[in-house]
Amino acid sequence: MVNDTKGHSAGDIVLNVVAERLRSVLGNNDAVARLGGDEFAILIEQIARPEDAAHVAQQVIDLIGWPIDVQGQSVWVGMSIGIAIGQGDPAGQIFKNADIALFDAKAAGGNVYRQYEPAMGATVAARHLLEFDLREAVRKNAFELNYQPIIDLTTGLTCGFEALMRWQHPTRSAISPLEFIPIAEECGLIVPLGKWVLREACREAVRWPSNIRIAVNVSAVQFQRGELETIVADALLDSGLAGDRLELEITESVLMQNAENVVSSLMRLRTLGVRIALDDFGTGYSSLSYLRRFPFNKIKIDRSFVAEIADPEVAAIIRAIVGLGERNGAAITAEGVETEEQRDLVAREGCTEAQGFLFSRSLSADGVISFLEARREIETVGASGNHLTDRSLSRSG
Ligand code: C2E
Ligand code: CA
Ligand code: CA
């Protein structure tokens, strides 16, 4: 990321500083090497107890976490560490075990160390396999989009659909996006995958009545190195979808990294008419502070709040979020509405829209049309399937 955003000479400075810091932790008999890219190895020849290796690892992590001055700007990097202890084992084996432990450290979110344990091998192998299958699936385009309706609580009509990715694994049962999206983010596959989602979702949405929007989830990685603005502009142009019918859902993790760049990117997306929603509101560390950084068009209240809305304190929190949203002119969607009671309560607290199993689970592309037909939100037009007559069109004549 440093290379991409600040240039290679900045990357070289970071590598040099990291190397110096690694050296400063080690004794005279220890060795440190750069294996390539952003990978380093430390060899400690003498340790009394396994905890000694852990101690060095923690020192390294703490030290690497300090800001690095690059051409007058502060850069932060992190480090994950895998530890393997060999007693006469072949070097190749020790490296392999350290690699497995490193994988575990990364999977735990990074900036931690992990000591190799034999049981780690199996989980790492499973994850490698999933990553391999995911690459294969991207190549073969083995994904589908499903769409979950979003209901306007004042009119009771469908005001949009959220596109949700589905992967039917060739041998396992369907794999949840909660499992494969983090892997796709880590190995960069989310960039081509996210591009496909945007294009497919826009292409599908032009078939719907013009008052119905499409919401697409966008990951932080897509902002960092995804040419997101071009991809969005092209998806709109190629599909013919009006910009204000596309809504991008981002979580606060998008704003956590390099907030200034992201905010200016969001502003430019807004000039295309695209709307921006803050997703999973309330689950992060500082959701409130992000509301001040960017004028969101919509706040989506996470379903963990909706599930507990019967609790007066939770209801009060929802009311407060609604108040904040109203001041910015933002719509407020309650996520995960499963019962009529929840729907009535979120409506009473001022949420303007709701989404959840009460209305519908996510639907296939054809399912969307049937859903709208069943609710008489579009007219059923013969078998030829021309759905262009929608209520808003026939009303406006
Ligand atoms: P999300 O953005 O919060 O999406 C809503 C999730 O809640 C969906 O799960 C949906 O099926 C589920 N849900 C909806 N209504 C209810 C309800 O009433 N009760 C309960 N218990 N759950 C409900 P899904 O489809 O498994 O997606 C999980 C997450 O995966 C999404 O959470 C989103 O963060 C991510 N995701 C899905 N598709 C994409 C994509 O195309 N791109 C990116 N970057 N992320 C995606
Ligand atoms: Ca979402
Ligand atoms: Ca959500």
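Whatever order the structure lists them in is the order used to number ligands and atoms, beginning at 1.
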Asker: Is the NZ or CZ atom of Arg361 both under 6.0 Å from the centre of the six-membered ring of Phe357 and within 45° of that ring's axis?
Answerer: yes
Asker: For the residue pair Tyr147 and Trp208, categorise the inter-ring angle as parallel (less than 30°), tilted (30 to 60°) or perpendicular (more than 60°).
Answerer: perpendicular
Asker: May I ask you to decide if the ring planes of Trp167 and Phe143 are parallel, tilted or perpendicular, using 30° and 60° as cut-offs?
Answerer: tilted
Asker: Using a cut-off of 3.0 Å, how many protein N, O or S atoms sit around the Ca ion (ligand 3)?
Answerer: 4
Asker: Return yes if a side-chain donor-acceptor contact under 3.5 Å exists between Asp366 and Ser364, otherwise no.
Answerer: no
Asker: Pairs of nitrogen or oxygen atoms, one from ligand 1 and one from the protein, closer than 3.5 Å: please tabulate them with distances.
Answerer:
unit_1   : atom_1 : unit_2 : atom_2 : d
ligand 1 : 2 (O)  : Glu162 : OE2    : 3.1
ligand 1 : 2 (O)  : Asn217 : OD1    : 3.2
ligand 1 : 2 (O)  : Asp279 : OD2    : 3.1
ligand 1 : 3 (O)  : Asp280 : OD1    : 3.3
ligand 1 : 7 (O)  : Arg303 : NH1    : 2.8
ligand 1 : 15 (N) : Gln148 : NE2    : 3.0
ligand 1 : 18 (O) : Phe357 : N      : 2.8
ligand 1 : 19 (N) : Glu338 : OE2    : 2.5
ligand 1 : 21 (N) : Glu338 : OE2    : 3.1
ligand 1 : 25 (O) : Arg166 : NH1    : 2.9
ligand 1 : 25 (O) : Arg166 : NH2    : 2.8
ligand 1 : 38 (N) : Met165 : N      : 3.1
ligand 1 : 42 (N) : Asn217 : O      : 3.4
ligand 1 : 44 (N) : Ser219 : OG     : 2.9

Asker: Please output the side-chain donor-acceptor pairs of residues 26-39 that fall under 3.5 Å, not counting sequence neighbours, one pair per line with the distance.
Answerer:
unit_1 : atom_1 : unit_2 : atom_2 : d
Asp30  : OD2    : Gly27  : N      : 2.9
Arg34  : NE     : Gly37  : O      : 3.0
Arg34  : NH2    : Gly37  : O      : 3.2

Asker: Who pairs with Asn328 by side-chain contact (heavy atoms from CB on, under 4.5 Å), at least two apart in sequence or on another chain?
Answerer: none
Asker: For Glu353 and Thr333, test the side chains for any donor-to-acceptor distance below 3.5 angstrom and give the result as yes or no.
Answerer: yes
Asker: In Glu162, the N, O or S atom nearest to the Ca ion (ligand 2) is which?
Answerer: OE2
Asker: Could you verify whether a donor N or O on one side chain and an acceptor N or O on the other, from Gln355 and Glu162, lie under 3.5 Å apart?
Answerer: yes
Asker: Using 4.0 Å as the upper bound for N to carboxylate O, is an ion pair formed by Glu131 and Arg127?
Answerer: no
Asker: Within a reach of under 6.0 Å around CD of Glu144, are more than 12 heavy atoms found that belong to other residues, nucleotides or ligands?
Answerer: no
